[in-house]
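What follows is one structure encoded as structure tokens, with my remarks underneath.
The analysis underlying the following values was restricted to heavy atoms, covering all of them including side chains, and did not include hydrogens, waters or symmetry mates.
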Amino acid sequence: MDLAYICEWEKWPKSTHCPSVPLACTWSCRNLIAFTTDLRSDDQDLTRVIHILDTEHPWDVHSICSGHSEAVTCLEWDQSGSRLLSADADGQIKCWSMADHLANSWESPVGSLVEGDPIVALSWLHNGVKLALHVEKSGASSFGEKFSRVKFSPSLTLFGGKPMEGWIAVTVSGLVTVSLLKPSGQVLTSTESLCRLRGRVALADIAFTGGGNIVVATADGSSASPVQFYKVCVSVVNEKCRIDTEILPSLFMRCTTDLNRRDRLPAITHLKFLARDMSEQVLLCASSQTSSVVECWSLRKEGLPVNNIFQQLSPAVGDKQPTILKWRILSATNDLDRVSAVALPKLPISLTNTDLKVASDTQFYPGLGLALAFHDGSVHIVHRLSLQTMAIFYSSAAPRSVDEPAIKRPRTTGPAVHFKAMQLSWTSLALVGIDNHGRLSMLRISPSMGHSLDAGLALRHLLFLLEYCMVTGYDWWDILLHVQPSMVQSLVEKLHEEYTRQKAELQQVLSTRILAMKASLCKLSPCAVTRVCEYHAKLFLIAASSTLKSLLRPHVLNTPDKSPGDRLTEVCAKITDVDIDKVMINLKTEEFVLDMNTLQALQQLLQWVGDFVLYLLASLPNQGSPLRPGHSFLRDGASLGALRELMVVIRIWGLLKPSCLPVYTATSDTQDSMSLLFRLLTKLWICCRDEGPTSEPDEALVDECCLLPSQLLIPSLDWLPVSDGLVSRLQPKQPLRLHFGKPPALPGSATSLQLDGLIRAPGQPKMDHLRRLHLGAYPTEACKACTRCGCVTMLKSPNKTTAVKQWEQRWIKNCLCGGLWWRMPLSYP
């Protein structure tokens, strides 16, 4: 467990930290972190501002002036990581969503209010999706066995069983408020008392049961009072939200029933369910000014002994013993230093005995450890069931011995730097903490908790979590923190091997995600930079090919025949003729008829296809130098086949509107460039297509490709520039110190070698990588960039034709690699 980076604010004059203001922090499955600070100055109160950052570019923080009238007390991301809930100490709840799908542009169209009643707990309603990771089956071939879907009911459903969206919150005065978002945009809100005798609620947490009910745990802050639990049922009756509550068994903390310790730990400071969808296990922490005790409790069904007299009176009672629900303590710690923050794992690891045994044998601990931060600045990862320490991190330079008791340690005069809020990432491989000086720290947590493993087992752990991210669609940035450059090649190969073992339908669904995953892995190795460009080019080719083929329409509607796109693929695969016109004869050209304006609007895309084919063929003689991307395409039958199909489509469209054809600079006026390229491409495709036997390109083909530079001007392709992100530059044991709002002058990473056309100087012309338009050195149009691959594109479309809209719909929400969009500031000379 070590520190990856620290990000801190610039010093503000006359600003002070308020120790009494609680901090909120939440980490989304897309690796966006939202957090608050406790800074206040004479002229502004920053406790009401919400800060959002992407973990790859933490200095580029986006601060939202939230409009809350009091300090923000709770923040909560939804399951998709695209919406955020915020609540304050005045009872106001706001629902934030991305404006124009930009991660640094937020709007709050809806919300709710419980006036003057501070919110202490907040959660989105459950959508009924729950997976279980089976460590025992991590070697199985099918993803369905490794990650099984658990039967779980949504909190509330619409007509047809679709989960209803909304949120639930608990206030200080003991009220529970539920807001439901109807598909029409209307918000139904209802507020109800948790029980008849309302009392102060200092701490609360919310969890969900498999049957669709909600469980709320509350405590008034005093360890002499019980921790109370309530079942909350939400329903919609006559277009109104209805809340029914029911009291569940309560508990007293074990340490407070001990007469010797009762007065030593007067306050309950932390109350958390162990998981959002595990309402039968709860974590409690009782503290004094100097020490804390943490306890883990479990709710169990227990048999109720029945007197013999009743058994004789009613024989049915004797057969089936009545049961009651009872809280039982699972584990407890000895006296610890005072706990300042708790972070719970979100990885839904299966907790069956066999899974736990395999996890222990293979030392696979993600999802099994929860984090405790202490006032002395240290962080302990403890087992979620036994509460035994698994790893320790010391923020101070002088670590102390583990055996030294917490009580006897000499105390420093001022309060030590400690985390006031913490969150674990979605794979539990990273931990973010906000300390009492407002700094953000990112910690790496190894899957084996620091135990030394052989290389094969360490790879298997990372591979298992990468597969989990591939299946769920979550971002895998936190896994990349643990990938060494030497692991990249084996990880990419093993990932591909596992992917090819899945069913064809699942492979099709995951085809783009695995390419994006391979690209991000290759960024970490200096030997594989050109592979990054190839994977991104492949993503672009898949998207362009499916968009252009989807524009083809059958001549007669409602034909039971295959779609024109499928027929095109079939004809091109069957007819291996090198003459483009002979392939065209076998197609129904009426299916290719498009509006002239549409064809002209697609010219840049068609130009890229033509340039790419020419570039690949020209790089065949030297088999693609390692410093020039494109080598893997020369042996990839599927990609060459897709390019061949697009060449046929472009040829037919060129007959309709010659100006939409790719423009080549040829040395001869009579040169038919399209026919020449198609002939060479077909010969290359025949050598490596999936159906036939693979062979090396023959001498004649290589010779013809050698002549290409003398016949046509070879274009320089605009590859994606090497990303300026952090993950490839983080070194083990060397944390980076960063400042919010200041891009760092990072040492050039191993990957940013001076490769052909991969590095862009600040004043060089920029490129719209998705529309294939040149934007100039200082674009006047507002642009957005991908947080993962660095791809740049304009915010507003310069063309309004339907075909261009269809192309833009493919990447309006996320980049082709799955990364989020971030609005770029305008640059000036």
Side-chain angles (χ1 to χ4, degrees), residues 74 76 117 119-126 130 152-153 155-156 167-178 190-235 242-257 267-286 293-304 322-332 342 344 351 370 384-385 387:
C74 303
E76 191 74 30
D117 209 348
I119 307 290
V120 289
L122 178 66
S123 174
W124 288 90
L125 295 179
H126 205 286
K130 187 183 177 187
F152 208 89
S153 298
S155 308
L156 200 62
W167 58 84
I168 175 169
V170 181
T171 71
V172 162
S173 68
L175 291 175
V176 59
T177 176
V178 175
S190 180
T191 305
E192 193 63 59
S193 176
L194 276 170
C195 62
R196 285 180 189 167
L197 290 170
R198 272 169 67 185
R200 179 172 180 268
V201 175
L203 301 165
D205 200 22
I206 299 160
F208 301 89
T209 67
N213 294 323
I214 303 163
V215 178
V216 174
T218 65
D220 65 3
S222 163
S223 60
S225 307
V227 177
Q228 293 180 312
F229 296 85
Y230 305 93
K231 183 168 90 174
V232 178
C233 302
V234 182
S235 54
R242 178 177 161 181
I243 304 171
D244 295 300
T245 60
E246 184 185 319
I247 297 176
L248 294 174
S250 54
L251 65 90
F252 281 94
M253 284 188 71
R254 167 75 65 85
C255 60
T256 60
T257 55
I268 295 180
T269 50
H270 296 90
L271 159 65
K272 298 269 184 191
F273 284 107
L274 275 186
R276 187 169 166 265
D277 39 27
M278 197 180 280
S279 57
E280 60 279 357
Q281 287 184 350
V282 71
L283 186 84
L284 298 162
C285 173
V293 167
V294 178
E295 296 177 358
C296 182
W297 289 72
S298 177
L299 186 66
R300 294 175 183 169
K301 270 188 180 176
E302 293 189 0
L304 201 62
T323 58
I324 58 162
L325 288 170
K326 215 169 190 181
W327 285 100
R328 289 284 179 204
I329 191 162
L330 275 180
S331 50
V342 177
L344 293 163
L351 295 174
L370 56 94
R384 64 191 282 180
L385 300 177
L387 297 182

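In terms of heavy-atom proximity, C255 sits nearest to A286 at SG-CB, 3.8 Å. Closest approach of C195 to I247, counting heavy atoms only: CB-CD1, 4.2 Å. Heavy atoms only, all atoms of each residue included: I268 and S223 are closest at CG1-CA, 3.8 Å. A332 approaches I329 most closely through the heavy-atom pair CB-CD1, 4.1 Å. Q281 approaches L385 most closely through the heavy-atom pair OE1-CD2, 3.7 Å. A121 and A204 get closest at one heavy-atom pair: CB-O, 3.5 Å.
The 12-atom threshold is exceeded at NZ of K130, counting heavy atoms of other residues, nucleotides or ligands nearer than 6.0 Å. Counting heavy-atom neighbours within 6.0 Å of L304 CG, excluding the residue itself, gives a total above 12.
Atom CD1 of residue I206 and atom OG1 of residue T218 lie 11.0 Å apart, to the nearest 0.5 angstrom. Put simply, CG on L248 and CG on L299 are 7.5 Å apart, with the number rounded to the nearest 0.5 Å. A distance of 8.5 Å separates CZ of R300 from CZ of R328, quoted to the nearest 0.5 Å. To the nearest 0.5 Å, atom NZ of residue K301 and atom OG1 of residue T323 are 5.0 Å apart. Note that CZ of F252 and CH2 of W327 are 15.0 Å apart. Values are rounded to the nearest 0.5 Å. Between the CD1 atom of I214 and the SG atom of C233 there is a distance of 8.0 Å, given to the nearest 0.5 Å.
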Legend entry - Derivation and outcome, side chain to side chain contact (heavy atoms under 4.5 Å, CB included), residues L387 and L283: CA-CA 10 Å; L387 297 182; L283 186 84; 3.9 Å; yes

Legend entry - Working for side chain to side chain contact (heavy atoms under 4.5 Å, CB included), residues R276 and L344: CA-CA 10 Å; R276 187 169 166 265; L344 293 163; over 6 Å; no

Legend entry - T245 and V216: CA distance, side-chain angles, deciding distance, side chain to side chain contact (heavy atoms under 4.5 Å, CB included) verdict: CA-CA 10 Å; T245 60; V216 174; over 6 Å; no

Inset, instruction - Dump the intermediate steps for side chain to side chain contact (heavy atoms under 4.5 Å, CB included) on F229 and V282, then the final yes or no. - result: CA-CA 11 Å; F229 296 85; V282 71; 4.1 Å; yes

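Taking the six-membered ring where the residue is Trp, W124 and W167 present perpendicular rings, their angle passing 60° and hence far from 30°.
Side-chain contact check for R384 versus L351: some heavy-atom pair is nearer than 4.5 Å. Using a 4.5 Å heavy-atom cutoff, the side chains of S155 and V234 are not in contact. In this structure the side chain of T171 never reaches within 4.5 angstrom of the side chain of V201, judged on heavy atoms. You'll find the side chain of L251 reaches within 4.5 Å of the side chain of L284, heavy atoms only.
Without hydrogens or angle criteria, R198 side chain to G174 main chain gives no donor-acceptor distance under 3.5 Å. With E295 contributing its side chain and R254 its backbone, the two residues share a donor-acceptor pair below 3.5 Å. Judged by distance alone, the side chain of S190 and the main-chain N or O of V178 form no donor-acceptor pair under 3.5 Å.
Here the options are I243, V176, L175, the test is side-chain contact (heavy atoms from CB on, under 4.5 Å), and the partner is L194; only V176 passes.
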